[in-house]
Amino acid sequence: MATGEPNAARNGLGTIDLGVFNRWLNFTRIRAASGIGLAVLVLERLHPGSFRMGEVLAICGLAIVVSVASLRWRLLTDHPWALFAWQTAFDLALVTVGLAIVSSGLPALLFRSLFVLVITPVCLVTLWGGLVAASVASVAHLVLLAMERGFTTDVLCSLEGLIPPVLFFLVAQQCFFYGGHLERKNRDLADLATLLEGHRYDLAVEARTSATLVDIARTLSTTLDATDLLARVTRTMSEYLEADWGATFLLDAERATFRIVAATDPEIPLDEIGCIDFPLQGWPALARLGNERILVLDEADAAQ
């Protein structure tokens with residue numbers, strides 16, 4: 001008999017649905033680009049000459065266009081890790097180039113916090129990726145500062161040079177903590193979902209078992225014909241086991257023979273072979289009937 005089994009497989013990459021996370025990154029980039037563009041417009045209005053507005057709007061527009069393309073580009077969405085890495089590299093490059101061309105001095109230094117928008121999501125997903133992102137952001141900050149003030153030890157070791165990297169890694173550390181906490185919560189919820197699925201399957205099995213017993217009881221109350229009784233029980237049990245076919249055998253352990261007395265396959269001529277005792281050695285799989293009452297046979301055993 002070939003039986004069906006419950007499907008306990010879970011889709012997804014661990015407990016992280018990276019496809020959904022990538023989609024979320026694109027939407028947050030669109031909102032962040034829109035918010036930065038609006039904020040710089042207001043700041044430029046209050047402090048004229050602080051920003052190059054044409055470059056600011058061009059960079060914000062580029063971020064929005066890339067986000068929309070990433071949402072629609074099927075080749076990337078089919079490879080979530082590649083898309084995640086591409087988005088991280090793009091965001092780091094965009095922030096670095098943007099800080100280099102749209103402003104200088106104190107406004108550019110204060111806007112170094114934009115790197116946090118890139119570091120945070122990476123640290124929520126991967127430890128090593130988060131460390132790499134924080135390191136790249138720190139190096140990019142130091143390079144920008146050195147390009148503006150000179151590549152000297154005093155510049156690189158100044159407070160303006162060291163405080164932003166310290167903040168980047170502090171943010172990464174906090175994100176690692178919250179990311180690990182969320183991962184544990186997701187794992188617990190996934191285990192609970194698996195347990196509930198197992199209970200649901202057990203309830204279904206119990207329901208089918210109860211229905212089987214009711215059908216057998218009805219059979220016993222409506223007929224005393226052994227042939228019809230065995231046929232009905234065989235058919236009912238096969239349906240319960242969701243088997244491709246089923247048969248009932250009588251085993252004579254002393255004589256090492258067996259006889260087929262019922263089958264769900266109408267092509268089996270029970271009238272002719274039902275009264276014949278076959279040697280048990282001709283079908284070794286049936287020897288298990290000495291210890292088991294129901295056998296589930298694989299394709300190789302059933303082919304015999």
Worksheet item: Does a side-chain heavy-atom distance below 4.5 Å link Pro164 with Leu145?
Response: no

Worksheet item: Is the number of heavy atoms from other residues, nucleotides or ligands under 6.0 Å of Leu159 CG greater than 12?
Response: no

Worksheet entry | Of all pairs that satisfy side chain to side chain donor-acceptor pair (under 3.5 Å), the ones with a partner from residues 37-48, not counting sequence neighbours | none

Worksheet, complete the sentence: For His141 and Gly161 the tightest heavy-atom approach is NE2-O, 3.2 Å

Discussion item. Please evaluate residues Asn22 and Trp86 with respect to the criterion side chain to side chain contact (heavy atoms under 4.5 Å, CB included), reporting the C-alpha separation (whole Å), side-chain torsions for both, the decisive distance (0.1 Å), and the verdict.
Written reply: CA-CA 10 Å; Asn22 283 331; Trp86 142 253; over 6 Å; no

Item to complete: Show which residues join Leu106 in its hydrophobic cluster (side-chain heavy-atom contacts under 4.5 Å, direct or indirect), or state none.
Response: Leu110

Item to complete: Output, in order, the C-alpha distance, side-chain angles, deciding distance and verdict of side chain to side chain contact (heavy atoms under 4.5 Å, CB included) for Arg112 and Val95.
Response: CA-CA 9 Å; Arg112 295 293 200 273; Val95 172; over 6 Å; no

Worksheet item: Partners of Arg52 by salt bridge (Lys or Arg N to Asp or Glu O under 4.0 Å), sequence neighbours excluded?
Response: none

Item to complete: Would you please name every residue forming a ring pair (Phe, Tyr, Trp, His ring centres under 6.0 Å) with Phe111, sequence neighbours left out?
Response: Phe51

Worksheet item: Among the clusters formed by ILVMFWY side chains lying less than 4.5 Å apart, do Leu109 and Ile36 turn up in the same one?
Response: no

Practice prompt. Please check if Phe169 and Leu167 belong to a single hydrophobic cluster, counting links between Ile, Leu, Val, Met, Phe, Trp and Tyr side chain heavy atoms closer than 4.5 Å.
Written response: no

Worksheet item: By the rule that ILVMFWY residues connect when side-chain heavy atoms come within less than 4.5 angstrom, directly or transitively, which residues belong alongside Leu142?
Response: Leu156

Fill in: Heavy-atom closest contact (Leu117 atom, Ala32 atom, distance)
CD1-CB, 4.4 Å

Discussion item. Restricting to side chain to side chain contact (heavy atoms under 4.5 Å, CB included), what partner residues turn up for Thr152, sequence neighbours left out?
Written reply: Asp154, Val155

Practice prompt. Output all residues satisfying side chain to side chain donor-acceptor pair (under 3.5 Å) with Thr88, sequence neighbours left out; order by chain, then residue number.
Written response: none

Fill in: Euclidean distance, Thr28 OG1 relative to Phe21 CZ, rounded to 0.5 Å
8.0 Å

Item to complete: Locate the shortest heavy-atom distance separating Asn26 from Ser70; write the atom from each residue and the value.
Response: OD1-CB, 3.2 Å

Practice prompt. Quick one: closest heavy-atom pair of Ala172 and Ile119, and the distance?
Written response: CB-CG2, 4.2 Å

Atom pairs and distances, side-chain donor-acceptor, residues 126-138, under 3.5 Å, sequence neighbours left out:
unit_1 : atom_1 : unit_2 : atom_2 : d
Thr126 : OG1    : Gly129 : N      : 3.3
Ser135 : OG     : Leu131 : O      : 2.8
Ser138 : OG     : Ala134 : O      : 2.8

Worksheet item: Other hydrophobic cluster members with Phe151, side-chain heavy atoms of Ile/Leu/Val/Met/Phe/Trp/Tyr under 4.5 Å, chained?
Response: Val139, Val143, Met147

Worksheet, complete the sentence: Sorted by chain and residue number, the side chain to side chain contact (heavy atoms under 4.5 Å, CB included) partners of Thr96 (sequence neighbours excluded) come out as Phe115, Ala140, Leu144

Practice prompt. Could you state whether Phe90 and Val116 fall into the same hydrophobic cluster, counting links through intermediate Ile, Leu, Val, Met, Phe, Trp or Tyr residues with side-chain heavy atoms under 4.5 angstrom apart?
Written response: yes

Discussion item. Centroid separation under 6.0 Å, is that true for the rings of Phe27 and Trp24?
Written reply: no

Contacts under 3.5 angstrom, residues 53-69 side chains, donor-acceptor by atom type, not counting sequence neighbours:
unit_1 : atom_1 : unit_2 : atom_2 : d
Ser67  : OG     : Arg29  : NH1    : 3.0
Ser67  : OG     : Ala63  : O      : 2.8

Discussion item. Count I, L, V, M, F, W, Y as connected when their side-chain heavy atoms are under 4.5 Å apart, and connections chain through other members. Are Val122 and Phe176 then in the same cluster?
Written reply: no

Worksheet item: Would Leu43 and Leu99 show up in the same hydrophobic cluster when neighbours are defined by side-chain heavy atoms closer than 4.5 Å?
Response: yes

Fill in: With sequence neighbours excluded, residues passing side chain to side chain contact (heavy atoms under 4.5 Å, CB included) with Leu38
none

